[in-house]
There are 2 protein chains.
Amino acid sequence: MSDREARTPTPAELRILRILWRLGPSTVHEVHAALATEKSVGYTTALKMLQVMTEKELVERETVGRAHRYRPVAAEETTQRQLLRDLVDRAFGGSVDALVLRALSDVDVPQADLEEIERLLSRERERRS
Amino acid sequence: MSDREARTPTPAELRILRILWRLGPSTVHEVHAALATEKSVGYTTALKMLQVMTEKELVERETVGRAHRYRPVAAEETTQRQLLRDLVDRAFGGSVDALVLRALSDVDVPQADLEEIERLLSRERERRS
DNA sequence: AAGCATATACGAAACCTGTCGTACTTGCAA
DNA sequence: TTGCAAGTACGACAGGTTTCGTATATGCTT
């Protein structure tokens with residue numbers, strides 16, 4: 001249990017990571033302030049989360065005076081990929097395109113986005129040729 | 001707590017749902033047999049899961065002699081959409097296309113799949129015009 | 001009718017997540 | 001130098017998930 005596993009972050013952990021990706025390295029105070037705008041939560045809760053996340057190596061911290069400044073260990077992109085991989089495996093039998101197709105068939109996706117994705121997709125496809 | 005919430009299934013629940021979607025309505029015995037091929041787990045564990053899932057209304061059951069036959073309440077497609085919606089909200093700031101783009105940039109997606117998706121995408125786009 | 005095989009029901013333990021209260025530390029201002 | 005403000009550390013608990021052991025019910029075979 002003490003080692004390298006790179007488990008996917010829990011929902012509460014992800015909420016904090018998103019704040020750190022947005023704000024950059026931040027103190028508990030700053031994280032708590034940002035968190036409190038979307039969800040009522042105590043200061044020590046934010047602190048404890050960050051401590052646990054440090055333990056799990058989801059974040060690193062640097063000492064600044066008497067306080068700590070936290071930063072995410074993984075880039076947002078990396079974590080998003082990991083979460084997608086996880087979902088693809090758990091719910092789509094490992095097929096990325098089954099997931100993509102399902103996502104695109106969502107009625108909420110605006111027409112304009114479909115066109116945009118189509119453009120990016122063909123660019124991506126060509127990049128690989 | 002007694003009512004309509006439609007929470008997303010937990011990982012273990014999803015494993016069972018996938019079996020039911022694949023096999024159709026099944027007994028505990030059948031679910032356990034299928035489950036055991038991918039993961040070593042006791043019979044009563046499968047039974048208990050199904051009981052809890054019935055409680056949560058993730059599955060329904062019908063009595064067949066002394067046994068029960070279980071079926072998923074929601075279609076696979078519906079659950080996949082729900083899980084995607086959840087991930088989009090938690091990790092992609094609500095943007096479906098951010099998720100799709102990230103999924104497609106995965107190096108594991110074969111070239112042929114990109115082409116396939118492109119085809120389906122343009123069909124979907126036209127369907128909506 | 002007895003007894004075995006096959007079911008379900010139920011309770012509880014181990015673990016994880018998320019929340020917070022309380023105790024402790026430390027730097028700085030008066 | 002004393003004490004307050006601003007921090008961290010730690011323990012604990014409530015709730016949920018996952019696992020399984022044990023108890024109980026029931027139908028079939030002889």
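A quick note: this is a predicted structure, and the numbers were derived from the prediction, not measured. Throughout, protein chains are lettered first and strands after them, A, B, ... in sequence-line order, and every chain is numbered starting at 1.
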Tell me: [atom1] of [X] to [atom2] of [N], nearest whole Å?
X       : N      : atom1 : atom2 : result
B:Leu35 : D:dT18 : CG    : P     : 12 Å
B:Arg15 : D:dT17 : CZ    : C1'   : 11 Å
A:Lys56 : C:dC15 : NZ    : C1'   : 12 Å
B:Glu30 : C:dT8  : CD    : C1'   : 16 Å
A:Glu55 : C:dC16 : CD    : C1'   : 14 Å
B:Lys39 : D:dT18 : NZ    : P     : 9 Å
B:Glu62 : C:dA7  : CD    : C1'   : 16 Å
B:Leu50 : C:dC10 : CG    : C1'   : 16 Å

Find out if a path of hydrophobic residues (ILVMFWY) with successive side-chain heavy-atom gaps under 4.5 Å connects [X] to [Y].
X       : Y       : result
B:Val28 : B:Leu14 : yes
B:Val41 : B:Leu23 : yes
B:Leu20 : B:Val52 : no
B:Met49 : B:Leu47 : yes

side-chain N/O B:Thr45 vs D:dT18 OP1/OP2, d < 4.0 Å | no

Salt bridge (charged side-chain N to carboxylate O under 4.0 Å, His left out) test vs B:Arg71 passes for just one of B:Glu57, B:Glu30, B:Glu62, namely B:Glu62

Just checking A:Val41: base, sugar-phosphate only, or nothing, at a heavy-atom cut-off of under 4.0 Å?
-> sugar-phosphate

Which part of the nucleic acid, if any, lies within reach of A:Thr10 when heavy atoms closer than 4.0 Å are counted: base, sugar-phosphate only, or nothing?
-> sugar-phosphate

At under 4.0 Å between heavy atoms, which parts of nucleotides 2-14 of chain D does protein reach? Answer with one letter per nucleotide, 5' to 3': B base, S sugar-phosphate only, - none.
-> ----SSBBBB---

Give a yes or no on whether a salt bridge exists between B:Glu115 and B:Arg119, defined as a side-chain N under 4.0 angstrom from a carboxylate O.
-> no

Which residue pairs satisfy the ring pair (Phe, Tyr, Trp, His ring centres under 6.0 Å) criterion with at least one member in residues 22-70 of chain B, sequence neighbours excluded?
-> B:His32-B:Tyr43

